[in-house]
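What follows is one structure encoded as structure tokens, with my remarks underneath.
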Amino acid sequence: MLRVLGVDPGLTRCGLGAVEGRPGTPLSLVAVGVVRTPADDDIGARLVAVETGIERWLDDVRPDAVAVERVFAQHNVRTVMGTAQAAAVAILCAARRGLPVALHTPSEVKAAITGSGTADKKQVGLMVTRLLRLDAMPKPADAADALALAICHLWRGAAQNRLADALARAKGKP
């Protein structure tokens with residue numbers, strides 16, 4: 001079994017969700033939530049709060065890997081900067097512990113979870129609810145997105161690791 005912590009980075013709400021399982025078996029919810037920071041706080045204080053929250057989650061959840069949403073260009077530069085800064089904090093926290101970190105694009109996550117890279121947040125949330133056999137959709141959407149990242153990594157990361165191992169073995173042969 002692999003335990004993955006998904007991180008949907010953001011300064012106001014940083015979604016966190018941990019899932020356990022392996023491809024081909026039912027998945028289990030470990031934990032889900034968000035780290036929140038006040039929009040009117042200084043950027044340094046906000047980043048420290050995100051770091052503190054992620055560190056607490058890493059202590060409590062003890063994941064085998066961390067999946068972070070790959071930041072993509074948006075029209076609002078201020079929003080993308082905050083998202084990128086929160087993503088960097090998550091990557092740093094995981095790297096400090098020697099945990100493997102994977103970056104997944106939003107369309108990659110949507111395609112893995114719903115079958116369509118253009119699915120909306122509600123479709124992703126509904127599929128996360130079904131896949132984890134939850135009574136209700138995780139709220140806010142950042143929390144559901146973090147779970148979707150973790151599920152995507154469990155499914156895609158395992159396949160990618162098997163391919164990399166097979167390639168390494170093939171290269172080692174005469």
Are L132 and I151 close enough, and set up right, to give a side-chain contact (heavy atoms from CB on, under 4.5 Å), and what steps lead you there? CA-CA 9 Å; L132 295 174; I151 294 167; 4.2 Å; yes
Walk me through it: do V35 and T52 pass the test side-chain contact (heavy atoms from CB on, under 4.5 Å)? CA-CA 9 Å; V35 172; T52 301; over 6 Å; no
Stepwise side-chain contact (heavy atoms from CB on, under 4.5 Å) check, D145 with K121: CA-CA 8 Å; D145 289 348; K121 285 194 174 287; 2.4 Å; yes
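Here OG1 of T12 is found 10.0 Å from CG of D41. Values are rounded to the nearest 0.5 Å. How far CG of L154 is from CE of M1: 9.5 Å, rounded to the nearest 0.5 Å. Within the model, atoms CG of D8 and CZ of R13 stand 9.0 Å from one another, a figure rounded to the nearest 0.5 Å. Note: L99 CG to L58 CG = 6.5 Å, rounded to the nearest 0.5 Å.
Looking at E69, H153, R70, K110 one by one, the single match for side-chain hydrogen bond (donor to acceptor under 3.5 Å, both in side chains) with H104 turns out to be H153. A side chain to side chain contact (heavy atoms under 4.5 Å, CB included) with V68 is found for exactly one of I91, L149, V89, namely I91.
When atom types are taken as modelled, the side chain of D64 and the backbone of R3 share a donor-acceptor pair closer than 3.5 angstrom. A distance-only check finds no donor-acceptor pair linking the side chain of T25 to the backbone of G21 [under 3.5 Å].
Heavy-atom minimum distance, G10 versus V50: O-CG2, 4.2 Å. Between P138 and A144, the closest heavy-atom pair is O-CB, 3.8 Å. Heavy-atom minimum distance, V71 versus A84: CG2-CA, 3.6 Å. Across all non-hydrogen atoms, the minimal contact from A150 to G17 is CB-O, 3.8 Å. The two residues A87 and P9 come nearest to each other via the heavy atoms N-CB, 3.5 Å. For the pair A143 and G33, the tightest heavy-atom approach, listed with the atom from each and the gap, is CB-O, 3.9 Å.
Counting only heavy atoms from C-beta outward, the side chains of S107 and T118 never approach each other to under 4.5 Å. With contacts defined as side-chain heavy-atom distances shorter than 4.5 Å, the pair L16/V32 does not qualify. Between L11 and L47, the closest side-chain pair of non-hydrogen atoms falls below 4.5 Å.
Under the 4.5 Å side-chain contact rule for hydrophobic residues, V101 and W57 share a cluster. Under the 4.5 Å side-chain heavy-atom criterion for grouping Ile, Leu, Val, Met, Phe, Trp and Tyr, V4 is connected to L134 within one hydrophobic cluster. Under a hydrophobic-cluster definition in which Ile, Leu, Val, Met, Phe, Trp and Tyr are linked whenever side-chain heavy atoms come within less than 4.5 Å, directly or via other members, M137 and L27 are assigned to different clusters. No path of Ile, Leu, Val, Met, Phe, Trp and Tyr side chains, each step under 4.5 Å between heavy atoms, connects V128 with V30, placing them in separate hydrophobic clusters. Each of V109 and L103 belongs to its own hydrophobic cluster when Ile, Leu, Val, Met, Phe, Trp and Tyr are linked at side-chain heavy-atom distances under 4.5 angstrom.
Residues satisfying the side chain to side chain donor-acceptor pair (under 3.5 Å) test with R22, not counting sequence neighbours, are none. Qualifying side chain to side chain donor-acceptor pair (under 3.5 Å) partners for T37, counting only residues two or more places apart in sequence or in other chains: R46.
Listed by first and then second residue, the salt bridge (Lys or Arg N to Asp or Glu O under 4.0 Å) pairs involving residues 82-97 are E51-R96, E55-R96, E55-R97, D59-R97 (not counting sequence neighbours).
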